[in-house]
Amino acid sequence: MGSETNGKVQEGFEIPEINIKFTQLFIDGHFVDALSGKTFETRDPRTGEVVARVAEGDKADVDLAVKAARKAFDDGPWPRMSGYQRGRIMMKFADLIDQNIEDLAILDTINAGKLFKIGKLIDIPSASQLLRYYAGAADKIHGETLKLSRELQGYTLKEPIGVVGHIIPWNYPTTMFFFKVSPALAAGCTMVVKPAEQSPLSALYYAHLAKEAGIPDGVLNVVTGFGPTAGSAVASHMDIDKVSFTGSTEVGRLVMEAAARSNLKSVSLELGGKSPLIIFDDADVDMAVNLAQFAIFTNKGEVCVAGSRVYVQEGIYDQFVRKASEAAKNWTVGDPFNPNIHQGPQVDKAQFEKVLKYIEIGKQEGATLLTGGKACGDKGYYVEPTIFTDVKDDMRIVQEEIFGPVMSLMKFKTIEEAIEKANSTKYGLAAGIVTKDLNTMNRVSRSIRAGVIWVNCYFAFDIDCPFGGFKMSGFGKDMGLDALDKYLHSKSVVTPIYNSPWC
Amino acid sequence: MMGQRLVSSLLSRCLYASHRILNPLTRQERKLGLATRISQRFSTLTAIEDPVTPPVEVKYTKLLINGQFVDAASGKTFPTLDPRTGEVIAHVAEGDSVDIDCAVKAARKAFDEGPWPKMTAYERSRILFKFADLIDEHNDELAALESWDNGKPFEQSAKEEVPLLSRTIRYYAGWADKIHGLIVPGDGAHHVQVLREPIGVAGQIIPWNFPLVMFAWKVGPALACGNTVVLKPAEQTPLTALYAAALLHEAGLPDGVLNVVSGFGPTAGSALAGHMEVDKIAFTGSTGAGKIIQELAAKSNLKSVTLELGGKSPFIVMDDANVDQAVELAHSALFHNQGQCCCAGSRTFVHERVYDEFVEKAKARALKRVVGDPFKQGVEQGPQIDEEQFSKILEYITSGIDSGATLVAGGGRAGNKGFYIQPTVFSDVKDEMTIAQEEIFGPVQTILKFKNLNEVIQRANASPYGLAAGVFTNNLNNANTLMRALRVGTVWINCYNLLDAAIPFGGYKMSGIGREKGMDSLNSYLQVKAVITPLENHAWL
C-alpha cells in the first residue's frame, strides 16, 4: 500500500501522510457498499501499487442513487429553496474544501499522478472558486418577460432540468467534478456522479464535504464504478433527465446513443481534441517555445485541450526546433510529490502503454524523434517529454488524440495554409495563436473552428469563460454562465392581456 | 436659504433637547386641539415613558477617509438624537466641502492607482462576501444602533434589515465576476466588443429611513463593479454607516475605496453632488433635494445621476378581495417603518362595494397597532425620525381634517415626549386634498373610494410620482391590466414591500431616475465602451 512510503524523505522532499477515508458509494446522504458487495482496486500511478479498494457500483446501485436523486428533486427542499439559500450552502461547501486542500490534493496525486504542488495551489482552490462562482449565480437565474406580437403577456421560466447524471474523467478529477456539479447545484438539480474508475477517491471526499455543508440527502450522489456498467446505466436511465459527460469521443458517442435509445435525455459532451498551436513569424521565439511546451506537457499531456499539433511558420521554424529541443531537457519528470518536478506519471498502465505505442507509430510513419521517446524510471508510468519533427498532416500522431506528452511539430508558409491545416481535423476543442499582429489574431481566431482560442497564452481557463467543443469535440459548455443553461429548462408562459396601454 | 433652514432646525433641535424651553410643538398642539382629544379616545399606546437602554455602545463618530477615522477639518461636530426622547446619542464629526475634497481625493487615488479596480473580480467578491459574514456576526449591534438612531422597532432592524444588508452585499459579491459586455454584430467587416468598465468615483447620498438597507443598495453594486465611493449618510442617522464601513475595512477593503463623510445636505451633500472629480452621483431622498442634486451635477461636470425619490403610491383593493387580508396588507403597506417609506402605500383606493367594510376594519387594525419604545418586544411602531418630520406630519393631519376628510383613527401625537404619532386613518378622502397629493412620510392612511377599473387606473396615475403600486385582487385579467397600466416602477400584486436583492427598484416620473438592486443597478455603476476594429479575410460576419 501507499502508506509504505509515508513520511519517507526522497531526494529532499517529503511524501505527506496518505489517509484514505472514503471508499464506499455515497447514496442518499450515506456511504454504503455496492449492492453486489464488489470492490475494485485503485492504484497509485507513481508505483503501480494498489492504494485502496473502492466499492464497485453497477446498474443496481445507479438505480438506488437515481431513486434518491429523483425523490430529492420531486419532493425535496433543494429545488424549492431560494437560489440565495442554495448559494449559501454552496459557499459553505467551498469553505470546507479550503479547509481540506492538502488532503484533497494528496488524493488526486496518488490517484491520477497529478503534481501535488499544483493541486494545492491551483486545482483544489479552483474547486472552491467554481463553487463560489455558481453560488453567486444561483440567485441570478433570470427568465425573461417577452414582447409578444399580439395582446398577450408572455414570459419564460428557467426551471431546473431535474435529475442529472454526470460522468467525469480521471485527468482532472477535482476540476471536472466541480465543472459539472457546481452549476447543476446552483440550478436546483439533483444528481448522480460517476467518477472515473482510475480516480474515484476525491469525488467521495467531496460527497462527504457536501453533506457537512448542508446539501440535503439525495441531492448529490456518487457511484464509483466502471463505464460499461455504472456509466452506461447512468446514460440509459429512464429517470435521469440529463447526462453530462467528459471523456473520449468514442465513449461520448456511446453515451449519446444510450440517451437516444432510452428516454431521449438531453446530452452534453466534452470530448477529445487535437488542438493546434499556431506560431507566426513575428512571435518571440523563446516565449513561443515555452508556451508550446506548456501546452503539450502540462499534466503529462493528459489534457483534452493539449496543444498537440504545433504549427510553426517557416521563418522561425529552425530556430524554434533548436530551442524546443533544449527546453524539453529542462522539463523534469519524477514523483509528483516533488515540488520541483514538471511532470508526473501517466494515469495508469493502459494510458502509459498507449502513449508509448503512439511514439512507435510516429517513428514507423517516418517522423523524426527530436527528443524523448521512452519510458523513464523502473517503476510507475513515467514517459519522457517527446517531440516529433518532420511530421506530415496525414500521420496518425497528428490525426489521433494521444493523451500523453508527445508534441508534433509542423511547418507552414502562409496564414491561409495555417488555417486550413488547423481545421483539418475531426476535433474542434481549442487552439492557440502566437502573434503580435492584430489582423492575424482577428482573422485566425474567427477562422478556426474550435471552442476556445488562446492568443499569446494557453490554458487560459477562467471560471467566467465558457468552454466546450466544436465538431466531434462535443457540445454544450462548461464554466461561465453558459454552463447553467445545460441544467435549466426554458418554459414559456402565455396569457391574453386585455386593455393594455401598450403592446 | 438651505443654510438658514439648517440652522433653524439645528437650533430647534438643541432647544427641544434641553428642557423644551421654547417647545416648537406648542403651536402644533394648540392647532390640533380637536385631533388630540379624538386621539386620546383611540389611543392604544403602550408605555413609552422609560426608554430602554440600547444594548450597544457608539464606537464610531468620526469621518472615515482613506481608511482612517478622522475629525472634520473644521473640528465641528453635530449631535445625533434619539427619536424616542429627543436627547443626544452622540456628537458626530460634521464634514463639509473641505472633508468631501479629502474623501474624493482618496477615492480618486484608490480608483486611479488601484488596487481596487485592478484586482480580480474574484478577489473583490471575496472581500464583499467576508463583509457579509461580518455583518451577520454583528447583526444585533448594528440593529441596536440602527434602531437607536432611527427609532424603528429593534426586531425589524435585527430580523429584516440587517439580514437584508448582508443579503444584498452577497448578491452583488456574486455579480462581481459575472459582469459581461456583448460582442455585437457590425454592419460590415468589423469586430465589435463592448467593455463594461467601472465608472470611477461614485458619490452616494443616502437617507435616514433605512440607513443600512440604503447603504447596501448603494455600496454593494458600486464596489462590485470596481468603483470607489464617497458616501454621505443622512445627518439624522450617521452611526450605522460608519460602523458598517469599519466592518468592510476589517474584511479587507483597501484604504480609500469607501469613504464616509457624515454631515448635512447643504454643505457636505452639495459639495459631493457638485464635485468636479466625482464621476457619478446616486441619491435617495426627497424629490425636492433630488432636483437640487441633478442641478448640481448639471452645473459641475455633468456627472451621471441616479435618483430614488418620493412617492404617493396607490394601493388598489378590487371588489373581489378578501377584505381582512386586504386590510392587513394595506395597513402594513402604509404603516411599516412609521410610514417613513418612499414606497409607502399612501393612497388606499378601495372599490365601493367593499369600501365601508374596509374602512371599519382598517380603523380597527390601526387602533390595534402597538406604538412604543422600539426596543420593547412586540412594538410595531416607534417614533418618527425627528421633530421636523413629526411636526410636518401633524400639520398634514390638520390639513386632512380641515379639508373635510373623516378622521377615523389616531390624529395626534402619542405620549408626551419623543416623536411618537398615533396610527392615523382618514376616510372619505378626495383626490384633490393635500393629504392625497403630497408625500406625508408618516403613519397616516388615506382611504379613497372608486367604482371601476378604468377610473382607478386614471386616478392612480394622476400623480407626479410613480414609484410603486399595490394591487389586491385574485382576478387574473384585472391584475394583468393594472400591472401594465400603472405608471410606476414596482407593482406588488397581493403583496407589498417585497424588496429582494434581485428585484430592480426605482421610479417613473418624479419618483426618480435609474434603478437600484438587481442587474439593473450594475448599469448605474458601469461605463460602456465600444471597441471596434476592422476584420480582414473574415471567416464569417
Side-chain angles (χ1 to χ4, degrees), chain A residues 82-85 87-88 90-92 94-95 98 125-126 128-130 132-142 145 151-154 186 414-416 419 423 437-449 462-466 480-482 484 495-503, chain B residues 120-123 125-126 128-130 132-133 136 163-164 166-168 170-180 183 189-191 193 224 453-454 457-458 461 475-487 500-504 518-520 522 533-541:
Chain A
S82 71
Y84 178 53
Q85 289 173 295
R88 297 279 284 151
M90 291 170 68
M91 290 293 288
K92 179 90 195 320
D95 291 343
D98 283 351
S126 83
S128 49
Q129 190 180 355
L130 275 159
R132 290 193 182 102
Y133 177 89
Y134 288 106
D139 57 4
K140 297 171 183 68
I141 296 168
H142 296 106
T145 52
E151 283 196 319
L152 295 170
Q153 167 70 10
T414 64
I415 188 170
E416 290 78 11
I419 291 168
N423 280 335
D437 187 287
L438 184 59
N439 286 329
T440 302
M441 170 199 155
N442 278 334
R443 179 176 175 189
V444 178
S445 55
R446 288 209 174 208
S447 299
I448 292 183
R449 297 185 45 73
D462 193 279
I463 253 115
D464 196 37
C465 184
L481 295 179
D482 289 30
L484 283 172
T495 183
I497 187 121
Y498 301 104
N499 305 315
S500 172
W502 51 270
C503 222
Chain B
T120 68
Y122 181 55
E123 290 172 294
S125 81
R126 293 301 303 276
L128 292 172
F129 276 123
K130 175 89 174 95
D133 290 344
D136 288 350
L164 195 54
S166 60
R167 194 274 169 273
T168 305
R170 286 195 183 98
Y171 178 78
Y172 285 107
W175 268 124
D177 56 4
K178 300 171 188 70
I179 292 169
H180 296 166
I183 297 299
H190 295 100
H191 173 59
Q193 311 178 57
L453 192 63
N454 287 338
I457 289 169
Q458 184 269 324
N461 282 337
N475 179 307
L476 180 60
N477 288 333
N478 286 345
N480 279 340
T481 300
L482 285 162
M483 168 182 94
R484 287 197 175 203
L486 293 168
R487 297 188 43 76
D500 294 0
I503 303 173
M519 275 177 92
D520 297 80
L522 298 172
T533 186
L535 287 173
E536 290 184 0
N537 298 306
H538 46 279
W540 53 270
L541 270 185

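Naming: A, B, ... by sequence-line order, numbering from 1 per chain. The shown structure was predicted, so the numbers you read here are calculated from the model rather than taken from an experiment.
One finds the CD1 atom of Ile463(A) at 10.5 Å from the OG1 atom of Thr120(B) (value rounded to the nearest 0.5 Å). With rounding to the nearest 0.5 Å, the separation of CZ in Phe129(B) from CE in Met91(A) is 4.0 Å. In this structure, CG in Asp177(B) is found 7.0 Å from CD in Gln129(A), a value given to the nearest 0.5 Å. The OG1 atom of Thr440(A) lies 10.0 Å from the CG atom of Asn537(B); values are rounded to the nearest 0.5 Å.
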Between Ile497(A) and Asn480(B), is a side-chain contact (heavy atoms from CB on, under 4.5 Å) present by the stated rule, with each step listed?
CA-CA 6 Å; Ile497(A) 187 121; Asn480(B) 279 340; 3.4 Å; yes
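Pairing each heavy atom of Ala485(B) with each of Pro501(A), the nearest pair is CA-CG, 3.5 Å. Taking both residues in full, the closest heavy atoms of His190(B) and Arg446(A) are given as O-NH2, 4.2 Å, listed atom of the first, atom of the second, then distance.
Heavy atoms closer than 4.5 Å to chain B are found in the side chain of Thr495(A), but not in its backbone. Of the two parts of Glu416(A), neither the backbone nor the side chain holds a non-hydrogen atom closer than 4.5 Å to a non-hydrogen atom of chain B. If you measure heavy-atom distances from Asp133(B) to chain A, the contacts under 4.5 Å come from the side chain alone. When heavy atoms are compared at a cutoff of 4.5 Å, Leu476(B) approaches chain A solely by way of its side chain, counted from C-beta outward. Using a 4.5 Å cut-off between heavy atoms, Ser125(B) makes no contact with chain A at all. Interface remark: Arg88(A) contributes side-chain atoms only to the contact with chain B (heavy atom separation under 4.5 Å). There is no contact between Ile415(A) and chain B, counting heavy-atom distances below 4.5 Å.
Between the side chain of Arg484(B) and the backbone N or O of Trp502(A) there is at least one donor-acceptor pair closer than 3.5 Å. Judged by distance alone, the side chain of Lys178(B) and the main-chain N or O of Tyr133(A) form a donor-acceptor pair under 3.5 Å.
Proximity of Asp139(A) to Arg170(B): side-chain heavy atoms (C-beta onward) are nowhere separated by under 4.5 Å. Counting heavy atoms from C-beta outward, Asn499(A) and Thr481(B) have side chains that approach closer than 4.5 Å.
With hydrogens and angles left out, the side-chain atoms of Glu536(B) and Asn439(A) include a donor and acceptor closer than 3.5 Å.
For the pair Arg167(B) and Tyr84(A), the cation sits on the ring face: its NZ or CZ lies under 6.0 Å from the ring centre, inside 45° of the axis.
Comparing Trp540(B), Tyr122(B), Tyr172(B) by how many heavy-atom pairs each has under 4.5 Å with chain A, the most go to Tyr122(B).
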